[in-house]
Novice: 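The structure under discussion is supplied below as structure tokens; questions concerning it will follow.
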Amino acid sequence: NSPRRTSATKITLKASLCHGGTLESDTRLVFLSSQPGTLNQAVKDVEALVNKEEDGSIHGTWLMAEVDHWNNEKERLVLITDNTLLIFKYDFVLLCCEQIQKIQLNYIDRIAHGSFTFPKRSLLKRDGDGVRIYWDRLREPSFTSRWNPFANDFPFTTFTHHPVRNIDTLAALCDIQTFSERLKTAAERAHVRKPIPGKANGVLVLQQPIHIEAYVGAMSFLGNQNKLGYCMARGNLGF
């Protein structure tokens, strides 16, 4: 029997199929995702993990940074298919996928764009803008989840621009605006094909600040300043 389908699932993979890549650069701090051949291999690897029967055809692939509820920034490869939004945690050092999060497109109900905001007394800040995707408007994160830096049961996910987006050859792959437009179109089609009983169909696009309810965070400050959420040329250090 197949497992019961839910709006979002997270799968952790064994790192037994890693390729063991080589660094084509000097020892400066560089993003491994921008190394020649590395990104192509990564995209090839994650696309091979798409279940054509369950997820459908691939509509596009993006390289972005996921921002969690404690303002921690983490490198992610993101795919849109006919039925699913897939978020991959990929190790650009060993060239293997470590984790997949699958979100059913017919559950997505809101896509918000805007700059990042924090509570008035927060010591944290984040420049730039981002996009937040919601898939369960009736469920709010619990108090325990909000204060747990390792909680992953939130009914939304947040992305911002990857630092390599200013490299001309990677600009399209890091384009958040195109990503959100393609996601809206794919989600609306999924709503028509597979409506959820008792749930309003359609995707609401909002232009509003993206609020992160975090007040202090030495871990996120140090991690984001030193790009610890990215695979870089400094040994196997990163999330």
Side-chain angles (χ1 to χ4, degrees), residues 2-3 5-15 17-19 21 31-66 74-92 94-111 113 130-135 156-162 164-165 167 169-196 201-203 205 231:
S2 60
R5 174 169 294 185
T6 58
S7 58
T9 57
K10 189 167 287 189
I11 305 165
T12 301
L13 304 179
K14 293 182 179 179
L17 299 177
C18 298
H19 301 282
F31 293 93
L32 297 184
S33 55
S34 66
Q35 292 294 305
T38 301
L39 186 56
N40 290 339
Q41 182 64 56
V43 171
K44 186 177 179 180
D45 288 345
V46 298
E47 289 183 349
L49 294 171
V50 174
N51 185 325
K52 295 296 177 65
E53 293 185 2
E54 180 180 318
D55 303 316
S57 300
I58 299 171
H59 291 201
T61 305
W62 287 265
L63 177 66
M64 296 187 288
E66 187 176 30
K74 303 169 185 179
E75 189 171 42
R76 295 292 183 259
L77 280 167
V78 184
L79 269 67
I80 298 173
T81 67
D82 288 332
N83 304 316
T84 316
L85 174 66
L86 299 103
I87 304 169
F88 295 89
K89 178 183 178 182
Y90 190 87
D91 188 333
F92 287 94
L94 298 177
L95 294 180
C96 62
C97 182
E98 296 181 338
Q99 190 179 75
I100 310 171
Q101 182 178 12
K102 289 190 173 189
I103 300 156
Q104 300 301 317
L105 292 185
N106 55 338
Y107 280 86
I108 292 176
D109 47 44
R110 287 174 291 163
I111 301 174
H113 298 260
V131 58
R132 177 170 287 173
I133 300 127
Y134 300 84
W135 55 83
F156 59 80
T157 188
T158 307
F159 295 107
T160 190
H161 300 282
H162 193 288
V164 301
R165 70 186 177 110
I167 299 176
T169 55
L170 299 178
L173 196 69
C174 302
D175 190 340
I176 281 184
Q177 185 63 38
T178 301
F179 162 75
S180 59
E181 291 171 358
R182 298 274 285 276
L183 178 61
K184 177 179 182 294
T185 300
E188 287 178 336
R189 290 173 179 169
H191 277 277
V192 173
R193 289 195 310 272
K194 298 179 180 179
I196 305 299
N201 291 324
V203 180
V205 177
C231 288

Novice: Say you draw a straight line from CD of Q99 to OH of Y90; how long is it, rounded to the nearest 0.5 Å?
Specialist: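 Output value for this atom pair is 15.5 Å.
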Novice: Check I176 against T160 and note the closest heavy-atom contact, atom names and distance.
Specialist: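 Closest approach of I176 to T160, heavy atoms only: CD1-C, 3.2 Å.
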Novice: Does anything in residues 173-184 pair up under salt bridge (charged side-chain N to carboxylate O under 4.0 Å, His left out), and if so which pairs, sequence neighbours excluded?
Specialist: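 Sorted result for residues 173-184: K184-E188.
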Novice: Which pair of heavy atoms, one from L105 and one from T84, lies closest together, and at what distance?
Specialist: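 Minimum heavy-atom separation between L105 and T84: CG-N, 3.5 Å.
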Novice: Do T61 and E47 have side-chain N/O donor and acceptor atoms under 3.5 Å apart?
Specialist: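 The criterion, which ignores hydrogens and geometry beyond distance, is satisfied for E47 and T61.
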Novice: About how many Å separate NZ of K89 and SG of C231, when rounded to the nearest 0.5 Å?
Specialist: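 Going from the SG atom of C231 to the NZ atom of K89 covers 9.0 Å.
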Novice: Evaluate the side-chain proximity of V203 to D109: yes if any heavy-atom separation is below 4.5 Å, no if none is.
Specialist: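 Not in contact.
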Novice: Are any of the side-chain heavy atoms of L79 and W62 separated by less than 4.5 Å?
Specialist: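 Side chain of L79 against side chain of W62, heavy atoms only: no contact under 4.5 Å found.
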Novice: Who pairs with T157 by side-chain hydrogen bond (donor to acceptor under 3.5 Å, both in side chains), at least two apart in sequence or on another chain?
Specialist: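 Partners of T157 under the side-chain hydrogen bond (donor to acceptor under 3.5 Å, both in side chains) test: E66.
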Novice: Do N106 side-chain atoms and K194 backbone N/O form a donor-acceptor pair below 3.5 Å?
Specialist: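 Yes; at least one donor-acceptor contact below 3.5 Å.
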Novice: Quick one: are T38 and S33 in side-chain contact, heavy atoms under 4.5 Å?
Specialist: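 Of all side-chain heavy-atom pairs linking S33 with T38, none is under 4.5 Å.
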Novice: Please find the pair of heavy atoms, one from H113 and one from I111, that lie closest to each other, and give the distance.
Specialist: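 Here H113 and I111 meet closest at NE2-CG2, 3.8 Å.
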Novice: What distance do L173 atom CG and M64 atom CE have between them, rounded to the nearest 0.5 Å?
Specialist: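 One finds 9.0 Å between CG of L173 and CE of M64.
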Novice: Check the angle between the aromatic planes of F159 and F179 and answer parallel, tilted or perpendicular using the 30° and 60° thresholds.
Specialist: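 Aromatic pair F159/F179 classed perpendicular.
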Novice: Does T185 have any side-chain contact (heavy atoms from CB on, under 4.5 Å) partners at least two apart in sequence or in another chain, and if so, which?
Specialist: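 Once residues adjacent in sequence are excluded, the partners of T185 under the side-chain contact (heavy atoms from CB on, under 4.5 Å) criterion are R189.
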Novice: Could you state the interatomic distance from CG (L32) to CG (L94), rounded to the nearest 0.5 Å?
Specialist: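 Atom-to-atom, L32:CG and L94:CG are 10.0 Å apart.
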Novice: Determine the minimum heavy-atom distance between N83 and G56, stating which atoms define it.
Specialist: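 The pair with the smallest heavy-atom distance is ND2-N, 4.1 Å.
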Novice: Can you name the closest pair of heavy atoms from R165 and C174 and give their distance?
Specialist: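 In this case the closest contact between R165 and C174 is CB-CB, 3.5 Å.
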Novice: Answer yes or no: is there a donor N or O on one side and an acceptor on the other, between the side chain of D82 and the main chain of S57, under 3.5 Å?
Specialist: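 At least one qualifying donor-acceptor pair exists.
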Novice: Just one of I87, D45, L39, I100 clears the side-chain contact (heavy atoms from CB on, under 4.5 Å) bar with L77, so which one?
Specialist: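 By the side-chain contact (heavy atoms from CB on, under 4.5 Å) criterion, L77 pairs with just one of I87, D45, L39, I100: L39.
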Novice: How long is the straight-line distance from CZ of F156 back to OH of Y134, given to the nearest 0.5 Å?
Specialist: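 Taking OH in Y134 and CZ in F156, the distance rounds to 6.5 Å.
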Novice: Tell me the closest heavy-atom pair linking H191 and N201, and the distance in Å.
Specialist: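 Closest heavy-atom pair between H191 and N201: ND1-OD1, 3.6 Å.
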Novice: Measuring from atom CG of L86 to atom CZ of R76, what distance do you get when rounded to the nearest 0.5 angstrom?
Specialist: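 Here the interatomic distance stands at 13.5 Å.
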Novice: Begin with the C-alpha distance, continue with both residues' side-chain angles, and end with the deciding distance and a verdict on side chain to side chain contact (heavy atoms under 4.5 Å, CB included) for V78 and L85.
Specialist: CA-CA 7 Å; V78 184; L85 174 66; 3.5 Å; yes
